[in-house]
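Computation of the quantities below employed the complete heavy-atom set of this structure, encompassing side-chain atoms and omitting hydrogens, waters and symmetry-equivalent molecules. Counting starts at 1 for both ligands and their atoms, in listed order.
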Amino acid sequence: MPDLTVRLECVFNEVQIARRFVGEGRVLDVGSDHGMLACHCLEKNIADSVVCTDIHESPARRSSRLLSDYGFDSRSSVLVTDGLDGVKILPGDIIVIAGMGGLNIIDILTRMTASADARVLPKIAIVLQSQKSANLVREFVCAKGFDIQGESVCNDRNLYYSIMRLTYTGESTKLSDKELYYGPRLLEQQGDETVRKYFRHLDEVYAVRSRSDKRIRALIEGRIANAD
Ligand SMILES: C[S@@+](CC[C@H](N)C(=O)[O-])C[C@H]1O[C@@H](n2cnc3c(N)ncnc32)[C@H](O)[C@@H]1O
């Protein structure tokens with residue numbers, strides 16, 4: 001099986017950690033495209049079975065083909081659907097949404113949380129890697145009663161990606177702007193070289209955005225004042 005990219009390897013690591021918290025079960029790979037992540041989860045026995053979903057037929061076919069090529073037909077299903085529409089969430093599920101925009105992720109999770117059995121939510125985990133708007137995703141999931149248990153960051157071919165791992169407590173929380181924009185668990189890892197470089201990268205991105213965004217300007221000024 002081909003190696004995962006650095007980004008997907010980082011997502012996969014978080015799935016492995018999540019598995020320790022939710023016991024045995026499935027991996028639901030939302031927007032699976034090529035199906036690589038799902039295949040690796042089956043190969044490494046991180047999932048009993050996988051459900052891949054994709055909103056488009058052609059990527060769904062790609063996932064089906066890969067799973068079939070590696071002999072995983074009996075442990076996998078592939079659906080053409082929007083997010084998790086039509087998928088019943090079960091205890092032990094780890095939902096993975098990677099490589100999508102933050103607003104799309106929020107939309108998918110809004111429908112998932114509205115339709116899922118509330119008793120099942122504390123028994124699942126979620127791993128998210130948004131391409132943008134991670135601050136909005138963090139704000140949304142914390143308001144919805146999820147706890148950001150872990151976060152990691154990687155650099156893949158000169159691009160940074162942050163990944164968050166969630167469990168459900170049912171208790172809505174509000175993060176500070178610094179936590180929303182930098183990541184509450186990443187702020188605890190500033191001794192890590194990759195995290196430090198990622199924060200320097202974010203500082204540069206936010207410095208540009210601060211010209212037209214007062215909230216970000218206040219955040220950057222606070223960081224400069226506290227030199228943190
Ligand atoms: C950039 S690819 C990411 C693939 C893979 N998850 C990864 O991280 O490498 C995004 C995939 O998500 C699918 N997608 C976008 N919006 C979706 C939605 N609302 N529900 C399901 N799939 C979606 C796209 O068709 C595409 O195959």
Side-chain angles (χ1 to χ4, degrees), residues 1-19 26-44 46-47 49-70 72 75-90 93-116 124-134 136-138 140-141 144 146 150-166 183 198:
M1 187 173 302
D3 286 342
L4 293 174
T5 59
V6 172
R7 174 183 64 85
L8 278 177
E9 188 69 49
C10 203
V11 172
F12 178 75
N13 284 342
E14 291 296 342
V15 176
Q16 277 186 300
I17 299 171
R19 180 55 74 211
R26 307 180 298 179
V27 164
L28 313 181
D29 186 5
V30 183
S32 59
D33 193 353
H34 34 70
M36 287 284 292
L37 183 81
C39 246
H40 274 257
C41 288
L42 288 171
E43 193 195 46
K44 302 269 162 60
I46 303 304
S49 61
V50 297
V51 178
C52 292
T53 79
D54 207 288
I55 200 162
H56 295 118
E57 284 204 15
S58 137
R61 266 199 303 274
R62 266 199 297 278
S63 291
S64 280
R65 209 174 307 126
L66 190 78
L67 288 159
S68 207
D69 285 350
Y70 286 95
F72 293 132
R75 293 171 67 196
S76 61
S77 56
V78 179
L79 305 174
V80 178
T81 190
D82 187 348
L84 285 160
D85 291 0
V87 179
K88 186 175 180 196
I89 307 301
L90 302 174
D93 281 348
I94 300 174
I95 297 170
V96 183
I97 314 179
M100 282 193 216
L103 297 180
N104 201 3
I105 291 177
I106 289 171
D107 182 51
I108 291 167
L109 291 180
T110 300
R111 279 177 285 120
M112 185 282 287
T113 49
S115 62
I124 68 164
I126 302 181
V127 174
L128 304 175
Q129 180 263 309
S130 65
Q131 297 292 84
K132 47 188 177 178
S133 315
L136 297 181
V137 176
R138 291 188 185 106
F140 169 81
V141 295
K144 275 281 173 195
F146 288 93
E151 285 180 294
S152 49
V153 67
C154 67
N155 185 306
D156 190 349
R157 286 164 291 175
N158 261 339
L159 291 174
Y160 284 101
Y161 299 96
S162 69
I163 293 120
M164 60 185 101
R165 176 168 38 83
L166 316 174
Y198 175 56

Looking at every heavy atom in both [X] and [Y], which two are closest together, and how far apart are they?
X	Y	value
Thr81	Asp85	OG1-O, 2.9 Å
Arg26	Lys88	NH2-O, 2.7 Å
Leu42	Ala47	CD2-O, 3.7 Å

Original post:
After noting the C-alpha distance and the side-chain angles of Ile46 and Phe12, does the key distance pass the side-chain contact (heavy atoms from CB on, under 4.5 Å) rule?
Top reply: CA-CA 9 Å; Ile46 303 304; Phe12 178 75; 3.8 Å; yes
How far is [atom] from the closest protein heavy atom, and which atom is that?
atom	answer
atom 22 (N) of ligand 1	Ile55 N, 3.1 Å
atom 2 (S) of ligand 1	Asp33 OD2, 3.7 Å
atom 8 (O) of ligand 1	Arg7 NH1, 2.7 Å
atom 24 (C) of ligand 1	Asp54 OD1, 3.4 Å
atom 4 (C) of ligand 1	Gly31 O, 3.3 Å
atom 15 (C) of ligand 1	Asn104 ND2, 3.8 Å
atom 1 (C) of ligand 1	Gly99 O, 3.3 Å

Quick one: does [X]'s side chain get under 4.5 Å of [Y]'s, heavy atoms only?
X	Y	value
Val11	Tyr161	no
Ile108	Met100	yes
Arg19	Val27	yes
Leu84	Arg111	no
Leu67	Cys52	yes

Original post:
side-chain contact (heavy atoms from CB on, under 4.5 Å) between Val30 and Val87: does it pass, once the steps are laid out?
Top reply: CA-CA 11 Å; Val30 183; Val87 179; over 6 Å; no
Just let me know how [X] lines up against ligand 1, side chain, backbone, both or neither, with a heavy-atom cut-off below 4.0 Å.
X	value
Ala98	both
Gln131	neither
Ile97	neither
Val96	neither
His34	side chain
Thr81	backbone

Original post:
Looking at Asp82, which atoms of ligand 1 are within less than 4.0 Å of one of its heavy atoms?
Top reply: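 Listed by number with element: 18 (C), 19 (N), 20 (N).
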Original post:
Of all the atoms in ligand 1, which lie at a distance below 4.0 Å from a heavy atom belonging to Gly83?
Top reply: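 Near Gly83, the atoms of ligand 1 are 18 (C), 19 (N), 20 (N), 21 (C).
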Original post:
So, is Gln129 polar-close to ligand 1, with some N/O to N/O distance under 3.5 Å?
Top reply: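 In this structure, Gln129 places no N or O atom under 3.5 Å from an N or O of ligand 1.
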